[in-house]
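These notes are about the structure you will find just below.
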2 protein chains.
Amino acid sequence: MDRIRNVSCFSKLTDEQLEKLKKISVIKKYKGKEILFYEGDAPIYLYVLLQGTLKVYKTNHKGQQIFLHQFYPGGLVAELANFENIPYPATAEFMSDSEVLRIDYKALEKDFFKNPEISFEIIKSLIAKHKILIDVIQKEVILTADAKVAKFILENGDLFKTLKNTQVASILNLTPETLSRTLSKFKSSGLIELDDKHHIRVLNPQKLEEVL
Amino acid sequence: MDRIRNVSCFSKLTDEQLEKLKKISVIKKYKGKEILFYEGDAPIYLYVLLQGTLKVYKTNHKGQQIFLHQFYPGGLVAELANFENIPYPATAEFMSDSEVLRIDYKALEKDFFKNPEISFEIIKSLIAKHKILIDVIQKEVILTADAKVAKFILENGDLFKTLKNTQVASILNLTPETLSRTLSKFKSSGLIELDDKHHIRVLNPQKLEEVL
DNA sequence: AAAAAACCTTGACCTATGTCAAGCAGGTAT
DNA sequence: ATACCTGCTTGACATAGGTCAAGGTTTTTT
């Protein structure tokens, strides 16, 4: 199918290779809130997200989700677990109705691994994920709640238009209460302004940077 | 030099390739506590640790070190920054007198990147680092202080023999006070026993596991 | 439009861990 | 032996952020 060809990761395969790939993979559909895999599951498949969104999170001692990352179409999911044949280190849950390409990993390894194009794509994907993890560490370990919020406003200000505050809070791994308090603090110190419908206007980007 | 050949990452190179590598690299010696690079520096070189130990950490808002990882001889340091040409995301400091192979990254990229052996080694190194980062997240974000200590005792119990408590505390990113309190708590609940010289005996591995 | 559900805000309180300070123990140097 | 580090322990206190609860507001369902 053309679906596969359009995935950036496989764009450079020959027709013949694509045929092979088709044989070891299948397209699966999921609904929002369904789970693709749980933390601790054994990895059998490599997944490529074709459509929809997928979030990956870990669960802490008190059962709360620690949001790690969100996948968009084209993303390669969970190579690590496949490579190392260790249990998935996190849980993956669909956030909307989605489609994934489910690839039999063992077969892929056998046929495709010597292909330098594929290796390169894998390196790229690993590096991207590496960056994500470093960001997670930055976010969770280094930044205070205020700094998280300031960073999010500066980098993703428009998302406030689409997301509810609870959703933003969960992306930042904060409680809605803390987010609310932080926003009012910023508001009262004149850093931002909230008009009617969740539209944040940054009044003082300078100062907001300084919070970091 | 044979030094290079013994680095696992380059063990499969031909003599000719090794010659090339020699031309674009140089061995540097450092003393303990010297800094290899600071968080935020621009990456020019790829480093391979030949001898000694190197620790990598980030610094949080209050200026404390957040320990991320320790490198041992053979380790490839900081590929990410090189690949992506972004500033180093952490600081690297030698913990003992050490030697590194300093490789001109641009030249390496040009000459060696199509080599599937090298690609494979890079993938391996990236995956190892990926795992480390996931562990860091696990340690810093998911685990409580008690759980960190319990995990460390179970996995690295012998290190208590060689390291001072302050050093263990800094590996766990805890204050010595917290570590001390946690150890006495474990001791008084009969989970562990401390004899004269820093030798921890685990009395109840079962229960210790449960703390996790 | 009415009822129900979900969301946001604010206050009071809790908890884990860090900070500061003091005392103590053991090892090393004088 | 004495003095002096360095590291360990313990206590009192501080603080960031979470938890619980209640009231108000918005959105969704009926």
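Everything numeric here is computed off the predicted structure, so don't read it as measured data.
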Distance check needed: [N] [atom2] versus [X] [atom1], whole Å only.
X: B/Arg181; N: D/dG7; atom1: CZ; atom2: P; value: 18 Å
X: A/Leu163; N: C/dC8; atom1: CG; atom2: P; value: 10 Å
X: A/Lys185; N: D/dA16; atom1: NZ; atom2: P; value: 8 Å
X: B/Asn173; N: C/dT19; atom1: CG; atom2: P; value: 12 Å
X: A/Leu179; N: D/dG18; atom1: CG; atom2: C1'; value: 14 Å
X: A/Lys139; N: D/dG17; atom1: NZ; atom2: P; value: 14 Å
X: B/Leu174; N: D/dT9; atom1: CG; atom2: P; value: 14 Å
X: B/Leu183; N: D/dG7; atom1: CG; atom2: C1'; value: 14 Å

Mind checking if B/Asp146 touches a base, just sugar-phosphate, or nothing, with heavy atoms under 4.0 Å?
nothing
Can a donor-acceptor pair be found, under 3.5 Å and without considering hydrogens, that links the side chain of A/Asn173 to the backbone of A/Phe67?
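Present.
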Short question: side chain of B/Ser25, backbone of B/Leu21 - any donor-acceptor pair under 3.5 Å?
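Side chain of B/Ser25 to backbone of B/Leu21: a pair is present.
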Closest to the [X] side chain: [options]?
X: B/Ala145; options: C/dT17, D/dT19, D/dG11; answer: C/dT17
X: B/Thr166; options: D/dC8, C/dT9, C/dA21; answer: D/dC8
X: B/Asn165; options: C/dT19, D/dT9, C/dG11; answer: D/dT9
X: B/Glu177; options: C/dT10, C/dC20, D/dG18; answer: C/dC20
X: A/Lys164; options: C/dC20, C/dA12, C/dC7; answer: C/dC7
X: B/Thr175; options: C/dT10, C/dG18, C/dA21; answer: C/dG18

Specify the closest pair of heavy atoms between A/Val56 and A/Phe71, including all atoms of both residues, with the distance to one decimal.
CG2-CE1, 3.4 Å
Is the shortest side-chain N/O distance from [X] to OP1 or OP2 of [N] below 4.0 Å?
X: A/Thr144; N: D/dA16; answer: no
X: A/Thr178; N: D/dG18; answer: yes
X: A/Ser184; N: C/dT10; answer: yes

Show your reasoning for whether side chain to side chain contact (heavy atoms under 4.5 Å, CB included) applies to B/His69 and B/Val136.
CA-CA 8 Å; B/His69 179 53; B/Val136 169; 5.8 Å; no
Under the 3.5 Å rule, do the base of C/dC7 and the side chain of A/Gln167 count as making a donor-acceptor pair?
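No, the side chain and the base share no sub-3.5 Å donor-acceptor pair.
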Nearest 0.5 Å, what's the NZ-CG distance between B/Lys31 and B/Asp97?
5.0 Å
